[in-house]
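Since the model is a prediction, treat every value here as computed from it, not as a measurement.
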Amino acid sequence: IMGSDCPGKTVDVCFQQAKFSYLHMKYLFFSWLAVFVGSWIVYVEYSSYTELCRGHDCKNSICDKYRKGVIDGSACSSLCEKGTLYLGKCFTAKPKSQVYSGSWGDLEGVIKCQMEDAPHYDLGSEMEPRKESAAFNKPTKGTSVEKFREMILNHLKAKVGDQANLADLATQVLAITDANKDGHISLPEAHSTWALLQLNEFLLALVLQDREHTPKLLGFCGDLYVMEKVPHSPLYGVSLPWIVEVWMPAGLRHSMDQWFTPSWPHKAKISIGLLELVEDVFHGTFGSFLMCDVSAASFGYNDRHDLKVMDARYIVPEAIFQEDIRQQRCEADEDCVYGADCLTSCDLTKHRCTPEVTRPNLAKACEALKDYVLRGAPSDVREELEKQLYACVTLKGSAEQMEIEHSLILNNLKTLLWKKISHTKDS
């Protein structure tokens, strides 16, 4: 039988040819589709990278001001003249706060630099003025060291409240300002320090500099500063290629995060570190701070398994938080949030947010630690540990309102973990 559309060929042969042609076209179509989608994804990723990673623009801006004599600091010469301070891999998550790995001679560090110029507070992003420091015009020419000290003291009072030891903190700030240690504070050095004092992370590093939980400040130039590198971060989890992240179910990703963690005794020591940090920022020497992003990405640890704060932008002075959140208009409680974890309630009679957070720092820390420290916990402590953690997670209201219960749970958790590891080399 001959096919009318394939003269000289059987219907079966025609069918096979048509099938091959269809498969060939299908293959070509999907190949081109894959190329198009892949190219589009690469373009989007590249565009995102170039938009986010502007560290070299930041460096050029800082070095231009250094060469003009506007700013000075311990890192300026290495960054702008000697070329011994290098920007490495970009870790920036938001364009206005550039974050890079860096090397400074034999030191490994993290370089952070600010990009935005408009001075305002934004509850949707970071509770820092963005940013008076960009112009580097304070203090003004002719300001004496004593007047500058008074400026620092007033600024610290505005940030953390009128604490008894603020004069000591102001003295420490002046010591850092004298970057070249010549016994004199120049106007460019003062410009740099004033700019840095506007940043929560720098302020927290000052407040907790005698504690082990914040990386050490290695140097600065303007509002670019270099912090000690934390070898292990985030607190738990594994970095995956972005294409895998996109398609991986959230449940599987959460399980994988818990697979790639240290041994349980080391996890216990790291957990004690986070609990100690909660103590340090709650009614500490220089006032209270709120932890508004208690996620694994905000923390890391060193080779001795001491907890380190990786990102302190969302650890904010309670006084500043309360002052700003009061001004926030709201229609529901969901409008009264800062970062991921600082939520207050909405006063519907005034359509303004109330100043008191609904969960204390400790409850948020326990939420972050719950799965982390329970996985692999020894059987003789697991039940009691789980009980204490769940009691901790359910804490409500501000820590001042429930200070006794807060302190009791905190001490119980630290004691339980410490007793289990204190006799081991891991402690």
Side-chain angles (χ1 to χ4, degrees), residues 42-67 71-116 126 133-134 176 179 192 195-196 199-202 204-205 213-245 260 293 295-304 306-314:
V42 168
Y43 169 75
V44 169
E45 286 295 308
Y46 177 75
S47 299
S48 299
Y49 179 87
T50 53
E51 182 182 337
L52 280 175
C53 298
R54 299 173 56 204
H56 291 281
D57 293 338
C58 208
K59 174 190 171 183
N60 291 339
S61 173
I62 288 289
C63 288
D64 179 59
K65 290 179 175 67
Y66 167 64
R67 293 186 186 104
I71 57 174
D72 200 358
S74 54
C76 289
S77 177
S78 298
L79 180 72
C80 305
E81 293 178 343
K82 299 175 183 176
T84 54
L85 176 56
Y86 300 97
L87 274 70
K89 185 178 178 181
C90 175
F91 293 101
T92 302
K94 293 188 177 182
K96 61 188 169 186
S97 185
Q98 297 291 303
V99 182
Y100 281 76
S101 65
S103 59
W104 191 1
D106 296 332
L107 296 173
E108 293 294 316
V110 176
I111 301 171
K112 301 191 177 186
C113 185
Q114 315 307 308
M115 288 292 291
E116 194 175 272
E126 293 155 34
S133 53
I176 292 170
S192 293
L196 289 170
L199 306 175
N200 288 333
E201 185 161 46
F202 183 78
L204 191 74
H213 306 306
T214 50
K216 288 181 172 57
L217 176 71
L218 301 180
F220 62 91
C221 183
D223 57 359
L224 177 149
Y225 57 104
V226 188
M227 302 293 285
E228 170 192 16
K229 181 182 179 181
V230 178
H232 307 286
S233 63
L235 184 59
Y236 53 79
V238 61
S239 179
L240 296 173
W242 61 267
I243 192 65
V244 178
E245 292 271 15
F260 295 91
D293 185 2
S295 62
S298 298
F299 305 98
Y301 56 93
N302 62 16
D303 292 332
R304 297 176 60 244
D306 298 319
L307 179 101
K308 298 285 184 180
V309 177
M310 290 293 299
D311 185 352
R313 289 174 301 161
Y314 291 100

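For the pair Ile111/Leu224, a side-chain contact is recorded, criterion being any heavy-atom separation below 4.5 Å from C-beta on. Using a 4.5 Å cut-off on side-chain heavy atoms (C-beta onward), Pro215 and Lys229 make no contact. Side chains of Trp104 and Leu79 form no contact here, defined as non-hydrogen atoms less than 4.5 Å apart. Taking the side chain as every heavy atom from C-beta outward, Gln114 and Tyr225 approach each other to under 4.5 Å. At a threshold of 4.5 Å between non-hydrogen side-chain atoms, the residues Thr214 and Lys308 do not count as touching. You'll find the side chain of Leu218 stays beyond 4.5 Å of the side chain of Met227, heavy atoms only. The shortest side-chain heavy-atom distance between Tyr100 and Lys112 does not fall under the 4.5 Å cut-off. Side-chain atoms of Met310 and Ser298, non-hydrogen and from C-beta on, never get closer than 4.5 Å to each other.
Under the 2.5 Å cut-off for SG-SG separation, Cys90 and Cys53 qualify: their sulfur atoms lie closer than that. Cys76-Cys63 SG separation is not under 2.5 Å; the pair is not scored as a disulfide.
Heavy atoms only, all atoms of each residue included: Ser192 and Ile71 are closest at OG-CB, 3.5 Å. Residues Ala75 and Leu85 approach most closely at CB-CD2, 4.0 Å, considering heavy atoms.
Taken from CG in Asn302 to CG in Leu307, the straight-line distance is 9.0 Å, to the nearest 0.5 Å. Here the OH-CG distance, from Tyr314 to Asp293, works out to 7.0 Å after rounding to the nearest 0.5 Å. Note that CZ of Arg67 and CD1 of Ile62 are 11.5 Å apart. Values are rounded to the nearest 0.5 Å.
Of the possible donor and acceptor atoms, one in the side chain of Glu201 sits under 3.5 Å from a partner among the backbone N and O of Ala312.
The aromatic rings of His232 and Tyr301 lie parallel to each other, with less than 30° between the two planes, well short of the 60° mark.
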